[in-house]
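Quick notes on the structure that follows.
Lettering follows sequence order; numbering is per chain, from 1. Hydrogens, waters and symmetry mates are skipped; everything else that's a heavy atom, side chains included, is used.
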2 protein chains.
Amino acid sequence: MQSQPYSQRPLVDQELKRVYLFAGLNIQQLERVKQSMRHLLLAEGESLFEQGQRAERFFLVREGHIKLLRLSLEGSEKVFEVIAPTQTFAEAIMFMPNSVYPVSAQAIEPSSLLAFENKIFVEILKESSDTCFRLMFHMSRRIRHWINEVDNLTLQNATYRLINYILYHIPSNHQDSYEFNLPIPKQVIASRLSIKPETFSRILNSLCQEGLLTVTGRIIHIHQVEKLRLYGQSALLPNEHYEIVCQDGLLPKK
Amino acid sequence: MQSQPYSQRPLVDQELKRVYLFAGLNIQQLERVKQSMRHLLLAEGESLFEQGQRAERFFLVREGHIKLLRLSLEGSEKVFEVIAPTQTFAEAIMFMPNSVYPVSAQAIEPSSLLAFENKIFVEILKESSDTCFRLMFHMSRRIRHWINEVDNLTLQNATYRLINYILYHIPSNHQDSYEFNLPIPKQVIASRLSIKPETFSRILNSLCQEGLLTVTGRIIHIHQVEKLRLYGQSALLPNEHYEIVCQDGLLPKK
DNA sequence: TCATTGACTTGATTTGAATCAAGGTTGCCT
DNA sequence: AGGCAACCTTGATTCAAATCAAGTCAATGA
């Protein structure tokens with residue numbers, strides 16, 4: 001874990017201010033955050049922290065992708081989340097005294113991060129009710145996220161989960177064809193979706209055969225987005241229709 | 001949903017003060033909470049709120065058990081949590097403007113609850129950093145709980161989940177025999193563990209056959225707790241040993 | 001250039017748990 | 001008492017996804 005400036009791109013205050021958690025800070029507070037801030041550069045596969053390790057910092061991803069995972073003793077891993085640029089992580093446990101990271105964090109590709117000291121930020125939290133509310137707001141969304149995750153794992157099948165993952169990458173207004181690059185290796189996505197790589201491959205293949213999309217390496221070309229959305233709903237079979245769970249846990253409008 | 005005093009047992013302030021979230025309130029604040037507080041009495045099977053409904057209150061269970069669930073369109077349900085007396089629920093979304101409940105809540109048996117107005121409590125949160133921290137602390141634990149839940153669903157099998165559920169009900173110092181009553185119907189536990197009732201029954205049966213426990217209706221008699229703990233670990237097969245995840249997400253000490 | 005490695009695919013087989021289909025118990029209500 | 005309805009159990013069968021076992025392909029590197 002090196003700690004030196006990384007990207008040519010200079011760190012502008014704006015970058016920090018765009019972070020939801022920091023948006024309410026005044027100049028002095030922002031300055032304190034910056035004081036304790038460290039630049040990190042991770043190589044591909046490099047570990048940031050391990051599950052069970054004392055949690056003293058939280059992080060902002062600037063470039064690259066970080067996976068949050070747990071390992072079984074044989075070495076097989078389950079990816080719980082993949083953190084993309086502009087997102088923060090590990091901030092939900094900052095104020096827990098003697099807390100430990102509940103998962104391990106590892107770079108999927110060369111990545112650039114900023115690390116913030118929990119201790120400093122907790123001091124700011126104590127004096128800023130507004131920032132407390134921002135953090136609580138954020139944590140509340142995280143909880144809903146995990147509830148939806150359990151919902152997906154228990155009520156939805158692998159095909160549905162994969163389709164949902166794909167749809168998530170498509171702007172919601174798009175209807176016709178759409179092409180995008182998978183940001184991370186297929187195996188990582190598979191693990192994130194709790195699917196084995198072989199099954200992942202087979203599902204993608206069967207979606208191709210249905211004529212819904214074309215796969216070229218990491219490039220996914222969806223022929224008709226609207227069709228895929230409908231297919232996602234029928235993938236809920238064999239049990240007829242399940243309730244569609246939107247990202248925010250709301251029911252879709254009838 | 002009636003709203004009148006229920007239990008003969010008088011509502012003492014102590015009962016409120018024992019609630020973690022209220023423990024830091026001063027007399028005036030506690031008074032305001034009590035002002036907005038409502039007593040609720042739910043019959044067996046009665047619904048408290050539905051998923052997607054506007055969230056304006058959070059709750060404390062005094063007597064009975066409440067299940068938090070989501071329904072599929074055919075009517076099959078997945079129980080996400082079962083709330084027992086002295087526990088609060090739905091407090092994690094209180095400050096979200098226009099938030100909705102992410103799950104439905106329903107009484108498993110005749111239950112007595114207290115309902116608190118989010119609006120009032122948010123006002124208190126704004127003036128009490130200490131209470132903010134209590135809430136954040138609580139939410140942080142909830143997040144870890146859900147991460148462990150996903151871990152259980154993806155890395156552990158049904159037998160392991162059931163054993164873990166049983167072990168959860170046994171004081172950790174017990175080693176030999178132990179007997180307890182399942183607090184709720186077996187089907188509800190099954191759903192909570194994402195197991196079908198048939199499978200649940202079969203697993204319990206096979207644990208009986210292994211001589212680990214005896215089942216008489218809702219009474220579970222464990223012959224040797226320590227043996228069950230070990231069996232729980234070998235139930236992690238076929239993949240040899242998995243990492244044991246303690247409730248707090250910590251690794252067990254070597 | 002060829003070897004090696006890691007990512008992905010494809011096929012054959014197994015398997016844990018779900019589903020389907022009857023039962024059995026228990027307790028409640030008339 | 002008798003009938004009904006939950007709740008639970010048991011057995012036979014099916015099925016989605018995992019596992020096992022070879023592959024292919026592309027990128028890296030000596």
Send over the distance from [X] [atom1] to [N] [atom2], rounded to a whole Å.
X: Glu109(A); N: dA7(C); atom1: CD; atom2: P; answer: 13 Å
X: Glu198(B); N: dC20(C); atom1: CD; atom2: P; answer: 10 Å
X: Ile203(A); N: dT9(C); atom1: CD1; atom2: P; answer: 12 Å
X: Arg218(A); N: dA26(D); atom1: CZ; atom2: P; answer: 15 Å
X: Leu162(B); N: dC8(D); atom1: CG; atom2: C1'; answer: 15 Å
X: Leu153(B); N: dA16(D); atom1: CG; atom2: P; answer: 20 Å

How many angstroms lie between [atom1] in [X] and [atom2] in [Y], if you round to the nearest 0.5 Å?
X: Leu42(B); Y: His65(B); atom1: CG; atom2: NE2; value: 14.0 Å
X: Ile108(B); Y: Glu46(B); atom1: CD1; atom2: CD; value: 14.0 Å
X: Leu113(A); Y: Leu41(A); atom1: CG; atom2: CG; value: 8.5 Å

With the threshold set at 4.0 Å, does a side-chain nitrogen-carboxylate oxygen contact exist between [X] and [Y]?
X: Asp151(A); Y: Lys78(B); value: no
X: Glu210(B); Y: Lys227(B); value: no
X: Arg142(B); Y: Glu149(B); value: no

_Check for me whether the distance between the ring centres of Tyr160(A) and Tyr165(A) falls short of 6.0 Å._
no
Might you list the N or O atoms of the protein lying below 3.5 Å from N or O atoms in nucleotides 24-30 of chain C, with each pair's distance?
none

*Output yes when at least one side-chain N/O atom of Thr199(B) is less than 4.0 Å from OP1 or OP2 of dA18(C), else no.*
yes
*Counting just side-chain N and O atoms, does Asn205(B) come under 4.0 Å of either OP1 or OP2 of dT9(D)?*
no
*Can you figure out which of dT19(D), dT10(D), dT10(C) approaches the side chain of Lys196(A) most closely?*
dT19(D)
_Shortest side-chain distance from Ser201(B), nucleotide among dT9(D), dT10(C), dA17(D)_ = dT9(D)
*Candidates Glu81(B), Glu44(B), Glu77(B), Glu109(B) - the one meeting salt bridge (charged side-chain N to carboxylate O under 4.0 Å, His left out) with Lys67(B)*: Glu77(B)
*Using a heavy-atom distance cut-off of less than 4.0 Å, which residues of residues 181-189 of chain A contact DNA chain D?*
none
*Estimated bend of the helix from dT1(C)-dA30(D) to dT30(C)-dA1(D) (axis per five terminal pairs, rounded to 10 degrees)*: 20°
_Any donor-acceptor N/O pair under 3.5 Å between dG11(C) base and Arg202(A) side chain_ = yes
